[in-house]
Amino acid sequence: QVQLVESGGGLVQAGGSLRLSCAASGRTVSSYHMGWFRQAPGKEREFVAAVSWIASSTYYADFVKGRFTISRDNAKNTVYLQMNSLKPEDTAVYFCAAGSFYWPTTSRSNGGAYNYWGQGTQVTVSS
């Protein structure tokens with residue numbers, strides 16, 4: 001079992017930055033691919049970014065390319081999401097997830113491919 005706990009969310013003005021962290025406990029997450037997803041009120045959960053288990057590859061949703069950066073520190077069992085140039089439409093609850101699947105496929109952006117999920121952290125961007 002893997003337990004994931006997100007932190008770092010909060011209220012920020014448009015154009016600002018936040019860094020989300022996802023701390024893992026239980027089994028080490030070094031062998032899992034890690035992803036960030038988000039869900040805004042009244043909307044379905046959507047994929048944001050993912051990083052492969054050895055951090056050699058990353059993948060982003062088009063709407064965050066150039067603004068968000070996902071990274072991981074396997075020694076610390078932690079995954080990060082650096083979010084810059086935030087927009088009001090980025091307001092959502094952000095979830096991290098861990099999964100073991102074949103990386104170079106659409107699974108990396110499919111929430112159903114991830115086995116473990118955190119409880120989420122709220123990000124609110126004011127205009």
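All heavy atoms count here, side chains included; hydrogens, waters and symmetry mates do not.
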Rounded to the nearest 0.5 Å, how far does [atom2] of [Y] lie from [atom1] of [X]?
| X | Y | atom1 | atom2 | answer |
| --- | --- | --- | --- | --- |
| Trp53 | Ser30 | CH2 | OG | 7.5 Å |
| Tyr94 | Gln122 | OH | CD | 9.5 Å |
| Ser31 | Ile54 | OG | CD1 | 12.0 Å |
| Met34 | Leu81 | CE | CG | 11.5 Å |
| Trp36 | Thr121 | CH2 | OG1 | 7.5 Å |
| Glu44 | Arg38 | CD | CZ | 14.0 Å |

Is any side-chain heavy atom of [X] closer than 4.5 Å to a side-chain heavy atom of [Y]?
| X | Y | answer |
| --- | --- | --- |
| Glu6 | Leu20 | no |
| Phe63 | Glu89 | no |
| Phe37 | Tyr114 | yes |
| Cys96 | Leu4 | yes |
| Arg67 | Met83 | no |

[X] and [Y]: which non-hydrogen atoms are nearest, and at how many Å?
| X | Y | answer |
| --- | --- | --- |
| Gly8 | Leu18 | O-CD2, 3.8 Å |
| Thr78 | Ser21 | CG2-CB, 4.3 Å |
| Val123 | Gly9 | CG2-CA, 4.1 Å |
| Ser127 | Ala14 | CA-CB, 4.4 Å |
| Thr58 | Tyr60 | OG1-CE1, 3.5 Å |

### Query
Which of parallel (below 30°), tilted (30 to 60°) and perpendicular (above 60°) describes Tyr32 and Tyr116?
perpendicular
### Query
Hey, what's the ring geometry for Trp103 with His33, parallel, tilted or perpendicular (30° and 60° as the breaks)?
tilted
Is [X] linked to [Y] within one hydrophobic cluster, defined over Ile, Leu, Val, Met, Phe, Trp and Tyr using a side-chain heavy-atom separation of less than 4.5 Å?
| X | Y | answer |
| --- | --- | --- |
| Tyr59 | Val79 | no |
| Val2 | Tyr80 | no |
| Phe47 | Val64 | no |
| Trp117 | Phe101 | yes |

Look only at the side chain of [X] and the backbone of [Y], and say whether a donor-acceptor pair between them is shorter than 3.5 Å.
| X | Y | result |
| --- | --- | --- |
| Thr91 | Val125 | yes |
| Arg72 | Ser52 | yes |
| Asn84 | Thr69 | no |

### Message
Between Asp90 and Lys87, does any NZ, NE, NH1 or NH2 come within less than 4.0 Å of an OD or OE carboxylate oxygen?
### Response
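Salt bridge between Lys87 and Asp90, a charged N being under 4.0 Å from a carboxylate O: no.
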### For Lys43, salt bridge (charged side-chain N to carboxylate O under 4.0 Å, His left out) partners two or more places apart
none
